[in-house]
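Source: prediction; values computed, not measured. One-based numbering, in listed order, for ligands and for the atoms of each.
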Amino acid sequence: MTDNLELSHQKMRAFQPQRLSAPRDFVMPDAVTKSKSALVLEIGAGKGKHALSFAMQNPDKHLVAIERTRNKFEAFEKLAGQQNSANLTPIHADAIAWIVHAIAPNSIETIYILYPNPEQHNPNQQWFNMPFFEFLLSRLQVGGEIILATNIEAYMDNAEQQAREVWCLPTIRSQVASSSQRTHFEVKYLARQETCWELRVQKPEGYQTRFDTWTIASMSI
Ligand SMILES: C[S@@+](CC[C@H](N)C(=O)[O-])C[C@H]1O[C@@H](n2cnc3c(N)ncnc32)[C@H](O)[C@@H]1O
């Protein structure tokens, strides 16, 4: 595993977390440092449909759901305020900078990336292509999962290939049930009879990244 990963690293330039400033008005949520529940992340939560129902259905887990676009976040924040789930923390930030500044290595049980839909012509914006993906893997617990969903077949094909060949990770790919309604985008695509796919990627025992001991605090020592 380590040998494979080292080989793949030669193809991938290293992510440079030390270059990222904290998001504006960054405050570390108590849930991240003090919660005794399993921590779950959602990247690109939109208006929070998945986050709100996940929090209701999983009272034993704490979900931190991050959304960068202001108007979507404001809609999400309003609904989260009405639902008032103690186990949900909505965050308005760029997920990359926020995760670098807030999340400890080996601490996250599951990471959801649901319908990221980047610029189709810019492969650098696809999460599994980014040097940041190695950092994200370092934040995942052993046995933890990244769950990706998309309606773009080429995005799914690429993510699956990257997971196996670059990141040396086991993957499970499946089709999303036509009755599923996890997110606004999922509802929209399935209503149009489009196929949606899901990829589950698990971090195996003994998996190593170059960020396994990296924390923002280690930069100020
Ligand atoms: C196509 S929308 C999908 C929203 C929701 N997951 C859904 O399925 O309805 C993708 C979302 O990801 C958000 N996003 C993209 N990159 C992000 C980043 N680096 N940090 C936080 N949010 C991001 C966008 O603002 C957008 O709201």
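A salt bridge between Glu74 and Lys78 is absent, with no side-chain N of the basic residue lying under 4.0 Å from a carboxylate O of the acidic one.
Looking only at protein heavy atoms, the nearest one to atom 19 (N) of ligand 1 is Asp94 OD2, 3.2 Å. Glu67 OE1, 3.8 Å is the protein heavy atom nearest to atom 11 (C) of ligand 1. Residue, atom and distance of the protein heavy atom nearest to atom 20 (N) of ligand 1 are Ala95 N, 2.8 Å.
Between Tyr155 and Phe128, a ring centre-to-centre spacing not shorter than 6.0 Å is recorded.
Annotation: salt bridge (Lys or Arg N to Asp or Glu O under 4.0 Å) contacts of Lys61 (sequence neighbours excluded): Glu109.
The distance criterion of under 3.5 Å between nitrogen or oxygen atoms is not met by Ile96 with respect to ligand 1.
Both the sub-6.0 Å distance and the 45° axial angle are not jointly satisfied by Arg13 relative to the ring of Phe15.
Ligand 1 lies nowhere less than 4.0 angstrom from a heavy atom belonging to Ile43. Taking 4.0 Å as the cut-off, Phe132 does not count as a neighbour of ligand 1 on heavy-atom distance. For Glu186, the closest heavy-atom approach to ligand 1 does not fall below 4.0 Å. In this structure, Ala93 has a heavy atom closer than 4.0 Å to ligand 1.
Within 6.0 Å of atom NZ in Lys47, 12 or fewer heavy atoms from other residues, nucleotides or ligands are found, so the atom counts as exposed in its surroundings. For CE of Met28, the number of neighbouring non-hydrogen atoms (other residues, nucleotides, ligands) closer than 6.0 Å is greater than 12.
Across the listed options Val187, Ile99, Thr183, Thr183 owns the non-hydrogen atom lying nearest to atom 7 (C) of ligand 1. Distances from atom 9 (O) of ligand 1 to the heavy atoms of Phe185, Tyr189, Phe76 show the closest one on Phe185. Closest to atom 15 (C) of ligand 1 by heavy atom, among Arg70, Lys47, Arg68, is Arg68.
Atoms of ligand 1 lying under 4.0 Å from at least one heavy atom of Lys72, given by number and element, are 2 (S), 26 (C), 27 (O).
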